[in-house]
Undergrad: 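Quick one: structure below, then a few questions.
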There are 2 protein chains.
Amino acid sequence: MDARIDQRRYETRARILKALAHPSRLKLIDKLSEREEVCVCDLTETIGCDMSTVSRHLAQLRAAGIVESEKRGQMVFYRLRVKCLQSLFGCIESVARSHVEEHLVVLS
Amino acid sequence: MDARIDQRRYETRARILKALAHPSRLKLIDKLSEREEVCVCDLTETIGCDMSTVSRHLAQLRAAGIVESEKRGQMVFYRLRVKCLQSLFGCIESVARSHVEEHLVVLS
DNA sequence: TGGCTATTTGCATGATTAGCCAAATATACA
DNA sequence: TGTATATTTGGCTAATCATGCAAATAGCCA
């Protein structure tokens with residue numbers, strides 16, 4: 001009976017992690033963590049691909065609950081709605097570092 | 001010049017996050033966090049799909065540096081090589097919770 | 001109203017992913 | 001050596017994803 005709740009929880013987590021799991025979206029998050037809010041045009045410039053692609057990346061982050069948006073005039077501003085991402089990336093980085101070290105050992 | 005290093009870092013993070021971003025792999029991690037090590041056959045039973053599929057999921061987690069494996073006899077035992085995943089999931093859960101709350105507000 | 005800008009959406013395409021079955025590999029054991 | 005067990009790998013298919021271009025939408029301003 002708990003099994004279904006667990007299954008649901010795994011699916012929820014996977015959906016959020018999948019939203020994070022793309023280099024461009026991570027870059028967007030990095031940019032957003034530097035300021036209170038950033039418009040799509042500025043984000044497009046930092047990512048360097050088509051604005052329509054950036055818009056879709058942002059839509060994914062929003063659907064996952066990671067960012068929120070507000071339209072003012074013709075522009076749409078996005079901002080992070082999560083505070084714990086830096087520590088999350090800290091964990092990811094520790095995986096990356098130790099994995100690289102292991103590879104170096106293997107290679108040497 | 002930093003840009004390339006940054007780009008590399010985003011790609012590394014994305015690769016690790018992508019390895020985490022699947023319900024079955026999250027379930028595998030949960031199972032592994034309960035014990036020191038678990039064999040593929042036991043993991044297959046908890047996941048409930050073909051052993052070949054489980055083996056591939058585990059291979060992905062290993063390639064990302066999240067688990068490691070050791071063969072003893074005919075069996076292969078997997079174990080977590082990362083300690084910070086619970087706090088990482090804590091962050092993910094906080095996203096999930098606040099996003100659900102927002103949806104409830106929208107619905108009401 | 002008409003034109004201009006910012007953003008999103010429709011559509012098509014190529015790439016990646018998940019899953020299963022069957023076959024290969026490796027180890028144990030009689 | 002031959003057989004059984006545990007795991008991985010090859011090959012295939014269906015589904016999902018990323019991307020760009022073009023078109024649609026929405027707001028501003030003359």
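Only heavy atoms go into these numbers, but all of them, side chains included; no hydrogens, no water, no symmetry mates.
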Undergrad: For B:R72, answer base if it contacts any base atom (sugar-phosphate contacts may also be present), sugar-phosphate if it contacts only those atoms, and nothing otherwise; contact means non-hydrogen atoms under 4.0 Å.
TA: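 No contact at all - B:R72 keeps every heavy atom at 4.0 Å or more from the nucleic acid.
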Undergrad: Hey, are B:K27 and A:E11 close enough for a salt bridge, meaning a charged N less than 4.0 Å from a carboxylate O?
TA: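 Salt bridge between B:K27 and A:E11, a charged N being under 4.0 Å from a carboxylate O: no.
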Undergrad: Under 4.0 Å between a side-chain N/O of B:K18 and OP1 or OP2 of C:dT16, yes or no?
TA: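 No, B:K18 has no side-chain N/O under 4.0 Å of OP1/OP2 on C:dT16.
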Undergrad: It should be established whether B:H57 places a side-chain nitrogen or oxygen under 4.0 Å from OP1 or OP2 of nucleotide C:dT17.
TA: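 For B:H57, the contact criterion (side-chain N or O under 4.0 Å from OP1 or OP2 of C:dT17) is not met.
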Undergrad: Between the side chain of B:S98 and the main-chain N/O of B:S94, is any donor-acceptor distance below 3.5 Å?
TA: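 Flag set: sc B:S98 to bb B:S94 pair under 3.5 Å.
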Undergrad: If you check the A:R56 side chain, which of C:dT27, C:dT8, D:dT19 turns out closest?
TA: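 Of the candidates, D:dT19 comes closest.
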Undergrad: A:Y78 side chain N/O closer than 4.0 Å to the phosphate oxygens (OP1, OP2) of C:dT8?
TA: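 Yes.
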Undergrad: Taking only N and O in the side chain of A:T53, is any of them less than 4.0 Å away from OP1 or OP2 of D:dG20?
TA: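 It does, given that an N or O in the side chain of A:T53 lies less than 4.0 Å from OP1 or OP2 of D:dG20.
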Undergrad: Using whole Å, report how far CE of A:M75 lies from P of C:dT7.
TA: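 Nearest whole value for this atom pair: 6 Å.
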Undergrad: Take the protein atom CG of B:D50 and the nucleotide atom P of C:dC21, then report the distance between them rounded to whole Å.
TA: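 Those two atoms, CG and P, are 6 Å apart.
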Undergrad: Which nucleotide in the set C:dA28, C:dT9, C:dT5 lies at the smallest distance from any side-chain heavy atom of A:S52?
TA: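 Taking heavy atoms from C-beta onward, the closest nucleotide is C:dT9.
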Undergrad: Among D:dG20, D:dA26, D:dT9, which is the nearest nucleotide to the side chain of A:K71?
TA: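 Taking heavy atoms from C-beta onward, the closest nucleotide is D:dA26.
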Undergrad: Backbone N or O of A:M51 within a donor-acceptor pair of the A:S55 side chain at under 3.5 Å?
TA: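 Here the side-chain-to-backbone pair does not exist.
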Undergrad: With a non-hydrogen cut-off below 4.0 angstrom, is B:F77 in contact with a base, only sugar-phosphate, or nothing?
TA: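 Nothing: the residue B:F77, judged by heavy atoms under 4.0 Å, touches no strand.
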Undergrad: Donor-acceptor pair, distance only, cut-off 3.5 Å: does the side chain of A:T44 make one with the backbone of A:V40?
TA: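 Present.
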Undergrad: Please determine whether a side-chain nitrogen or oxygen atom of B:R25 lies at a distance below 4.0 Å from atom OP1 or OP2 of C:dA18.
TA: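 For C:dA18, OP1/OP2 do have a side-chain N/O of B:R25 under 4.0 Å.
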Undergrad: Give a yes/no on whether any side-chain N or O of B:H22 is located under 4.0 angstrom from OP1 or OP2 of C:dG19.
TA: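 Looking at the OP1 and OP2 atoms of C:dG19, one of them is under 4.0 Å from a side-chain N or O of B:H22.
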Undergrad: Looking only at side-chain N and O atoms, does B:Q60 come under 4.0 Å of OP1 or OP2 in C:dA18?
TA: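 Looking at the OP1 and OP2 atoms of C:dA18, one of them is under 4.0 Å from a side-chain N or O of B:Q60.
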Undergrad: For B:M51, which contact category applies under a 4.0 Å heavy-atom criterion: base, sugar-phosphate, or nothing?
TA: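 Contact class for B:M51: base.
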